[in-house]
2 protein chains.
Amino acid sequence: MQRTVFFISDSTGITAETIGNSILAQFEGVQFDKHRLPFTDNPHKAEVAALRIKTNYAQTGLRPVVVNTMADRALCDIVATSGALMLDVFAPFIGPLEDELQTRRSGAVNRSHGMVDFDKYEARINATNYALSHDDGIDVNYDDADLILVGVSRSGKTPTCLYMALHYGVRAANYPLTDEDLEKLELPARLRPFRDRLYGLTIDAVRLAQIREQRRSGSRYATLAQCRWELEQAERLMRQTGIPSLNTTHVSIEEIASKIFDRFGIERTMF
Amino acid sequence: MQRTVFFISDSTGITAETIGNSILAQFEGVQFDKHRLPFTDNPHKAEVAALRIKTNYAQTGLRPVVVNTMADRALCDIVATSGALMLDVFAPFIGPLEDELQTRRSGAVNRSHGMVDFDKYEARINATNYALSHDDGIDVNYDDADLILVGVSRSGKTPTCLYMALHYGVRAANYPLTDEDLEKLELPARLRPFRDRLYGLTIDAVRLAQIREQRRSGSRYATLAQCRWELEQAERLMRQTGIPSLNTTHVSIEEIASKIFDRFGIERTMF
């Protein structure tokens, strides 16, 4: 039997879900059935939520877990009538911070995932447009790039660039190494002025062949031999030119982005 | 003087940063200078982090705040020697959950932002490719779409689709309403079979004109009159055809996505 977990919030629920997932990941043997209850911001919605949680309790016979980021104490009390185990995400930290900062919390609805800082928000959107227009060698004017990912086709460059742009406002371009680049074992001329902003992504050949097979089944592009050759040449090129690189086979875009920022000393915080 | 906050983690630091930002948002009057210390996963790195925090303390004269998600107690103790206010994100919740679930935490490094569930991870990447290939009316075969955003050019469709794909594996397409659609006040034929998957994005005309002016300065496309006309027609079309819609002017992509999922009853949890 799975244990039901509700992420409840007066806003998007992203904070509740993020910390909830991290805490639950500490209990590897337990299966969780996760649900979101965002925008629970008035007594009526809180009562509906409480009823839903109570129903689940009755159906499963197992006490549900509620990960809660609602700021309003009265709403929390309503949800608590469901009988669930209430884990209040903010409560343990507010007291120590109030003491340290010598100021009271504002008690406002959590807007940390809202458009709090307009300039920062606009930077994210502009960076996303930048990533889209500088994806896959479309626009190769890299003057404004914070960094440029290089690698063979389908090594993970595009999703990583989009993630870095969407969440950090980092202008990330990407350049796919061509057969010509790989044969010559030379950086293309247009990348040379930006050598200190280059970062390479690699991937295991077997995995790359699987991904390419899904994309263009039966093509030469998807053969293991072609993937092996491209990756060997790409890795050789990165070594020879001193481009730092990462094998993405078992690494998520979040981890890739964190490692790249760490390498380049980019300390920009996420939005 | 700004108060310095360090987000420290044995992994990406995303959880520490997410909850940290949410907690700090509760103290609206205080300015924070935020730094990330990801991949702090051995005693040497913990000592370097402690020294850095200690240095900041000496420089600013204000006790730094550390938001910590490291699982290893020994590493936490090393960082605590810096004298900072330590806020341990997991500690308050592990005890109650251990009691409730009748099992001990595994104590593993937090991999909730890693490639934990390969199938889910692949779904995100595939959905991202889907969003890219079904962006802006490029590929208009919507059979596989979970939902389709409609709206005038630059109303926020593309970043929202990318966000929903990257984080939720939701296959979101988007279709820009053309002048022809807006003149006829009719849904284009290719959208009609998918009416129950359509969601409209609108925006204030003045804001739209600003965004378009950045993109194509001096064009008719960017004039306030053109923006007003397009938005009025688009809103009329959405009302007439019963498409739910949202004005995105003051709403972030995270909020837009949460509201759309809420409306469609999509409970998929984020990755």
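So you know, we letter chains A, B, ... as the sequences are listed, proteins then strands, and number each from 1.
- The candidate with the highest count of non-hydrogen atom pairs below 4.5 Å against chain B, out of A/F27, A/F118, A/F261, is A/F27.
- When only modelled atom types and interatomic distance are considered, A/Q210 and B/E122 share no side-chain donor-acceptor pair under 3.5 Å.
- Using a 4.5 Å cut-off between heavy atoms, A/I253 contacts chain B through both its backbone and its side chain.
- Heavy atoms closer than 4.5 Å to chain B are found in both the backbone and the side chain of A/Y163.
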### Query
Is there a side chain to side chain contact (heavy atoms under 4.5 Å, CB included) between A/I14 and B/H167 once you walk through the steps?
CA-CA 11 Å; A/I14 291 170; B/H167 286 288; over 6 Å; no
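- Heavy atoms closer than 4.5 Å to chain A are found in both the backbone and the side chain of B/R63.
- The side chain to side chain contact (heavy atoms under 4.5 Å, CB included) check on B/A222 picks up B/R212, B/E213, B/S219, with sequence neighbours excluded.
- Between A/E254 and B/T12, the side chains place no donor N or O within less than 3.5 Å of an acceptor N or O (distance only, hydrogens not considered).
- Contacts of A/V251 with chain B are made by backbone atoms alone, with heavy-atom separations under 4.5 Å and no side-chain atom involved.
- Interface residue A/H35: backbone and side-chain heavy atoms are both found under 4.5 Å from chain B.
- Interface residue A/T249: only backbone heavy atoms are found under 4.5 Å from chain B.
- Partners of A/A209 according to the side chain to side chain contact (heavy atoms under 4.5 Å, CB included) rule, which considers only residues two or more places apart in sequence or in another chain, are A/L224, A/C227.
- With a 4.5 angstrom heavy-atom cutoff, A/P159 touches chain B via backbone and side-chain atoms both.
- Within the 4.5 angstrom heavy-atom criterion, atoms from both the backbone and the side chain of A/T18 approach chain B.
- With values rounded to the nearest 0.5 angstrom, A/I23 atom CD1 is found 11.0 Å from B/T69 atom OG1.
- Across B/L85, B/L87, B/L24, B/V67, a single residue satisfies side chain to side chain contact (heavy atoms under 4.5 Å, CB included) together with A/F93, and that is B/L87.
- Interface check for chain B: of the options A/E98, A/K259, A/R104, A/K34, the most heavy-atom pairs under 4.5 Å are formed by A/K259.
- Only the backbone of A/T248 comes within contact range of chain B, judged by heavy atoms closer than 4.5 Å.
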